[in-house]
Amino acid sequence: MSCSNLTMLVSSKPSLSDPSTLSSRSFLSPFHLPNSATSSPTPTRPSSTQINCGLRELRDRIVSVTNTKKITEAMKLVAAAKVRRAQEAVVNARPFSETLVEVLYNINEQLQIEDVDIPLTKIRPVKKVALVVITGDRGLCGGYNNYIIKKAEARIKELKQLGLEYTVISVGKKGNTYFTRRPYIPVDKFIEGSNLPTAKEAQAIADDVFSLFVSEECDKVELLYTKFVSLVKSNPVIHTLLPLSPRGEICDINGICVDAADDEFFRLTTKEGKLTVERDVVRTKTTDFSPILQFEQDPVQILDALLPLYLNSQILRALQESLASELAARMSAMSNATDNADELKKNLSRVYNRQRQAKITGEILEIVAGANALV
């Protein structure tokens with residue numbers, strides 16, 4: 001039965017010549033049943049849920065919306081659980097990152113009076129920029145992927161206006177698909193993401209970035225990822241990955257450096273029955289370095305070994321932040337989808353009950369009118 005069969009069903013009823021039948025038809029008007037003999041259209045209140053379907057179609061749609069609501073609610077709970085896992089990964093990696101930062105800073109303090117040549121901190125005139133764009137592997141997460149891709153497009157436009165060359169290192173299936181369909185954007189490498197970022201995955205990205213920078217194929221490497229702020233907010237950011245500052249810091253495109261040891265990390269908690277995010281700064285106690293510290297090896301060799309490791313840790317942190325942002329966006333999107341499905345189900349049930357009641361009332365009135373016509 002199509003959505004227009006209800007109108008055809010009522011209008012195809014045989015008309016009765018008895019005056020009582022006419023009076024019964026005029027009595028049906030308050031129920032707003034479709035009638036081809038309506039003289040003037042009555043003004044109706046505009047509604048975004050105006051539905052003109054038969055009872056069977058309405059029942060099928062109610063069942064379909066109910067099943068969709070169950071799916072979106074389950075996806076919301078799964079995303080919430082995965083956000084907690086992403087948080088645990090960030091917390092577990094924090095002590096190593098802080099200790100590594102302390103070691104780098106103290107070694108650099110020992111080398112302030114020496115003129116050392118470190119490849120990762122070497123600043124040269126910028127002719128070509130490599131962009132590491134981190135996107136998600138799946139959809140159904142609102143505008144998460146679109147925001148970071150738009151950020152990359154805006155940065156590419158800026159580089160073109162400055163007359164600089166560029167290349168892209170795409171991380172994530174969504175970004176890979178986007179750049180594959182646009183052959184005019186030069187892509188150095190496509191890297192598939194994973195459900196849980198690991199040091200091995202970060203090392204693969206770091207090796208490619210390191211080879212590009214050291215071989216002078218590019219003079220600057222920028223990292224584009226989504227920084228996690230809260231369950232409803234994430235900020236696409238751009239950080240200068242290479243060259244590192246002399247103290248081994250990651251800086252943004254404006255030259256503002258970020259200390260990984262002082263960087264905030266998020267904690268997913270429940271407050272009054274609702275999921276909330278708390279951000280804290282927790283520093284791990286590390287052993288202070290003596291000012292008269294002596295190195296068995298050349299400090300430059302130690303620094304050359306630690307800076308790539310620090311680079312790997314920063315890429316891993318960006319992957320974890322991006323994953324947490326994606327899961328939070330998916331949880332928010334599925335929450336909105338569940339609310340919309342619930343609202344749509346209520347509207348469909350209301351329309352179904354009204355049509356069912358109107359149909360029953362119309363049949364009763366026609367029976368009574370037919371009985372009166374036989375008297």
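Please read these numbers as outputs of a predicted model, since none were measured by experiment.
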Reported [atom1]-to-[atom2] distance for the pair [X] and [Y], which is rounded to 0.5 angstrom:
X      : Y      : atom1 : atom2 : result
Phe228 : Lys233 : CZ    : NZ    : 12.0 Å
Leu224 : Arg155 : CG    : CZ    : 8.5 Å
Ser325 : Ile134 : OG    : CD1   : 10.5 Å
Ile205 : Ile169 : CD1   : CD1   : 8.5 Å
Asn235 : Glu321 : CG    : CD    : 10.5 Å
Ile156 : Glu158 : CD1   : CD    : 10.5 Å

4.5 Å side-chain heavy-atom contact, [X] and [Y]:
X      : Y      : value
Leu159 : Leu131 : yes
Thr226 : Tyr144 : yes
Val171 : Leu319 : yes
Leu323 : Leu327 : yes
Val132 : Asp208 : no
Glu201 : Thr198 : yes
Asn312 : Pro308 : no
Tyr225 : His239 : yes

Are [X] and [Y] linked, directly or through other ILVMFWY residues, by side chains that come within less than 4.5 angstrom of each other?
X      : Y      : value
Ile185 : Tyr147 : no
Leu306 : Val214 : yes
Ile123 : Val209 : no
Met331 : Leu77  : no
Phe190 : Ile148 : yes

[X] to [Y] - nearest heavy-atom pair and separation:
X      : Y      : value
Thr72  : Ala337 : CG2-CB, 3.9 Å
Tyr184 : Tyr166 : O-OH, 4.3 Å
Leu212 : Ala130 : CD1-CB, 4.4 Å
Ser170 : Asn176 : OG-OD1, 2.6 Å
Ser335 : Lys76  : OG-NZ, 3.6 Å
Leu223 : Ala318 : CD2-CB, 3.5 Å

Next item on the list: Mark yes or no for whether Ser64, through its side chain, and Asp60, through its backbone, hold a donor-acceptor pair below 3.5 Å.
Entry: no

Notebook entry, point to check: Can any side-chain N or O of Thr177 pair as donor or acceptor with the backbone N or O of Lys173 at less than 3.5 Å?
Noted result: yes

Item checked: Test: Lys346 and Glu343 ion pair at under 4.0 Å -> no

Check: Is Arg330 paired with Glu326 through a side-chain N to carboxylate O contact shorter than 4.0 Å?
Finding: yes

Note to self: Using a 6.0 Å cut-off, check whether atom CZ of Arg181 has over 12 heavy atoms from anything other than its own residue.
What the structure shows: no

Do the side-chain N and O atoms of [X] and [Y] include a donor-acceptor pair separated by under 3.5 angstrom?
X      : Y      : answer
Arg317 : Gln320 : no
Asn347 : Arg350 : yes
Gln203 : Asp207 : yes

Margin query: Using the rule given for side chain to side chain donor-acceptor pair (under 3.5 Å), can you reason through Thr135 versus Asn145, listing the C-alpha separation, both sets of side-chain angles and the distance that settles it, and then say yes or no?
Written below: CA-CA 6 Å; Thr135 59; Asn145 292 308; 4.8 Å; no

Next item on the list: Under the salt bridge (charged side-chain N to carboxylate O under 4.0 Å, His left out) rule, collect the residues that match up with Asp219, sequence neighbours excluded.
Entry: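 Expected list: Arg124.
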
Note to self: Can you tell me which residue among Thr338, Asn340, Asp342 is in a side-chain hydrogen bond (donor to acceptor under 3.5 Å, both in side chains) with Lys69?
What the structure shows: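 Single side-chain hydrogen bond (donor to acceptor under 3.5 Å, both in side chains) partner of Lys69 among Thr338, Asn340, Asp342: Asp342.
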
